Amino acid sequence: MGLFSAFSAKIKKLFSSRKIDEAFFEELEDTLIEGDLGAKLTDEIIETLRKEAKAKGLSEAAELQALMKEILSSYISPYDVSLKPGLNVFMILGVNGVGKTTTIAKMSKWYTKEGKKVLLAAADTFRAAAVDQLDIHAGRLGMRIVKQNMGSDPGAVVFDAVTSALAQGDDLVLCDTAGRMHNKENLMRELQKMDKIVKTRGVKEENYSKFLVIDATTGQNGLSQAMLFNQAVKLDGVILTKYDSAAKGGALIQIGKTLGLPVVFVGTGEGYDDIHPFDKEEYLNALIGLEA
């Protein structure tokens with residue numbers, strides 16, 4: 001079974017061998033809302049499809065499938081994952097339980113395979129388990145890690161990590177951060193402090209990015225998380241975990257349309273190699289049933 005199997009099968013069936021009529025649009029509308037695209041965005045898509053079908057004199061639903069892909073394509077974009085010259089710093093954000101620490105381990109392996117020198121920074125000092133977990137990954141992967149005791153100042157960890165990376169000529173620092181969400185002001189203050197530290201250590205603005213990790217199976221909840229974090233710290237992109245398990249996949253379109261955030265990487269399994277840069281064509285084909 002491929003990505004979004006049940007949902008894309010439903011869409012595919014809708015677009016195959018039937019006439020364009022009111023019942024078609026109503027069924028498509030219901031299906032898109034069920035697929036986590038949201039009522040407002042669904043209305044917009046249906047309205048565009050209606051106008052195009054009328055303007056072009058189309059009568060077969062199959063003729064609208066490519067058009068729908070074109071519409072959705074304008075709402076979503078991939079992120080260029082190549083590193084810039086000098087030291088790059090990626091702040092990895094997300095609520096607890098989305099697979100943030102494991103994602104950092106996967107990304108570190110991916111960039112190492114690309115020939116880059118990577119340093120891990122255990123700046124989630126709020127939970128002892130988070131530091132231990134990242135330490136275990138670093139040991140298994142042979143990565144350098146900067147860490148301090150639980151309860152230490154996360155900013156101090158970031159300072160030490162960036163200082164060490166600059167001294168060692170590293171290409172990338174991947175910073176784990178605390179996932180607590182109960183207090184947006186605290187989150188903002190903590191991350192703004194880390195921002196300041198990164199910038200005052202001489203890291204260029206264009207080399208510094210903040211990525212939010214979202215569990216692809218959470219649907220609409222992923223959009224809420226993205227909105228909250230983006231308000232707090234201005235995100236540069238999103239990373240999806242459990243991409244292979246996502247039942248619907250439409251929330252990604254909503255995030256792209258609402259916040260204009262590109263998709264960086266997608267996690268597709270438990271292993272360290274189960275990650276790859278987001279492939280927009282693969283995603284859209286799977287979503288609307290054009291999958292091979």
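Note that the coordinates shown come from a computational prediction; the quantities given were computed from them, not determined experimentally.
No single ILVMFWY cluster, assembled from side-chain heavy atoms under 4.5 Å apart, contains both V173 and V131. One hydrophobic cluster, built from ILVMFWY side chains closer than 4.5 Å, holds both Y111 and L166. Transitive grouping of hydrophobic side chains (ILVMFWY, heavy atoms separated by less than 4.5 Å) keeps M194 and M150 in distinct clusters. Note on L49 and I33: separate hydrophobic clusters, where clusters join Ile, Leu, Val, Met, Phe, Trp and Tyr whose side-chain heavy atoms are under 4.5 Å apart, directly or indirectly. There is a path of hydrophobic side-chain contacts, each under 4.5 Å, that joins V263 to W110.
Note that the NZ atom of K117 and the CG atom of D171 stand 7.5 Å from one another [nearest 0.5 Å]. Atom CG of residue L228 and atom CG of residue L223 lie 11.0 Å apart, to the nearest 0.5 angstrom. L37 CG to D43 CG: the interatomic distance, rounded to the nearest 0.5 Å, is 11.5 Å. A distance of 7.5 Å separates OG1 in T258 from NZ in K40, rounded to the nearest 0.5 Å. To the nearest 0.5 Å, atom CD of residue Q133 and atom CD1 of residue I104 are 9.5 Å apart. Here the straight-line distance linking atom CZ of F15 with atom OG1 of T31 works out to 9.5 Å at 0.5 Å rounding.
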Problem set entry | side chain to side chain contact (heavy atoms under 4.5 Å, CB included) evaluation trace for L240 with L252 | CA-CA 9 Å; L240 292 180; L252 201 50; 3.5 Å; yes

For this session: Carefully, step by step, assess F7 and L287 under the rule side chain to side chain contact (heavy atoms under 4.5 Å, CB included).
Result: CA-CA 7 Å; F7 175 69; L287 190 70; 3.6 Å; yes

For this session: Check step by step if side chain to side chain contact (heavy atoms under 4.5 Å, CB included) holds for L14 and F24.
Result: CA-CA 7 Å; L14 255 177; F24 163 76; 4.0 Å; yes

For this session: Would you sort out whether V158 and R201 count as a side chain to side chain contact (heavy atoms under 4.5 Å, CB included), showing the intermediate values?
Result: CA-CA 10 Å; V158 173; R201 294 305 295 138; over 6 Å; no

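Checking side-chain atoms of T101 against main-chain N and O of L134 turns up no donor-acceptor pair under 3.5 Å. A donor-acceptor pair is defined here as one N or O able to donate and one able to accept, closer than 3.5 Å; no such pair exists between the side chain of N207 and the backbone of V89. Under the 3.5 Å distance criterion, the side-chain polar atoms of Q65 are matched with a main-chain donor or acceptor of I288. Panel note: side chain N88, backbone G86; a donor-acceptor pair is recorded below 3.5 Å. In terms of modelled atom types and a separation under 3.5 Å, the side chain of N230 and the main chain of A226 share no donor-acceptor contact. Side chain of S164 to backbone of D160: no donor-acceptor contact under 3.5 angstrom is found. Using modelled atom types, one side-chain atom of K100 and one backbone atom of T177 make a donor-acceptor pair closer than 3.5 Å. The main-chain N or O of E63 is never found under 3.5 Å from a side-chain atom of K56 such that the two would form a donor-acceptor pair. Looking only at distances, a side-chain donor or acceptor of S16 sits under 3.5 Å from a matching main-chain atom of K13.
Counting heavy atoms from C-beta outward, I92 and M107 have side chains that approach closer than 4.5 Å. A heavy-atom distance below 4.5 Å is found between the side chains of F25 and I20. Counting heavy atoms from C-beta outward, Y208 and M91 have side chains that approach closer than 4.5 Å. For the pair E190 and F126, the minimum side-chain heavy-atom distance is 4.5 Å or more. D153 places a side-chain heavy atom less than 4.5 Å from the side chain of K193. Looking at N221 and S224, their side chains come closer than 4.5 Å, going by heavy atoms from C-beta outward. Residues F229 and V238 fail the side-chain proximity criterion, which asks for heavy atoms closer than 4.5 Å. Under the 4.5 Å side-chain criterion, counting only non-hydrogen atoms from C-beta, M68 is not in contact with E52.
Residue K84 qualifies as enclosed at atom NZ: its count of foreign heavy atoms under 6.0 Å is above 12. Heavy-atom neighbours of N149 CG from other residues, nucleotides or ligands within 6.0 Å: at or below the threshold of 12. Within a 6.0 Å radius of CD in E205, no more than 12 heavy atoms belonging to other residues, nucleotides or ligands are found. Dense packing is recorded around CD of E22, with more than 12 heavy atoms of other residues, nucleotides or ligands lying under 6.0 Å away. Other residues, nucleotides and ligands contribute at most 12 non-hydrogen atoms within 6.0 Å of the NZ atom of K147.
Residues K10 and E27 are not paired through a salt bridge, judged by the lack of any N-O separation under 4.0 Å between the basic side chain and the carboxylate.
Annotation for L261 and G237: closest pair CD2-N, 4.0 Å, computed over non-hydrogen atoms. In plain terms, the two heavy atoms of Y283 and G250 that are nearest each other are OH-CA, 4.2 Å. The two residues E60 and R18 come nearest to each other via the heavy atoms OE1-O, 3.5 Å. Closest heavy-atom contact between A123 and P154: O-CB, 3.3 Å. In terms of heavy-atom proximity, A122 sits nearest to I145 at CB-CD1, 4.3 Å. Heavy atoms only, all atoms of each residue included: A138 and L120 are closest at CB-CD1, 3.9 Å.
For the side-chain hydrogen bond (donor to acceptor under 3.5 Å, both in side chains) with Y272, the qualifying choice from K106, H137, K109 is H137, the only one to do so. Between L32 and the choices I253, I46, L72, the side chain to side chain contact (heavy atoms under 4.5 Å, CB included) rule is met once, by I46. K242 pairs in a side-chain hydrogen bond (donor to acceptor under 3.5 Å, both in side chains) with only one of the listed residues (D215, T217, T268), which is D215.
F265 and F211 have their aromatic ring centers separated by at least 6.0 angstrom.
Looking only at atom types and distance, the side chain of Y79 has no donor-acceptor partner in the side chain of D236 under 3.5 Å away.
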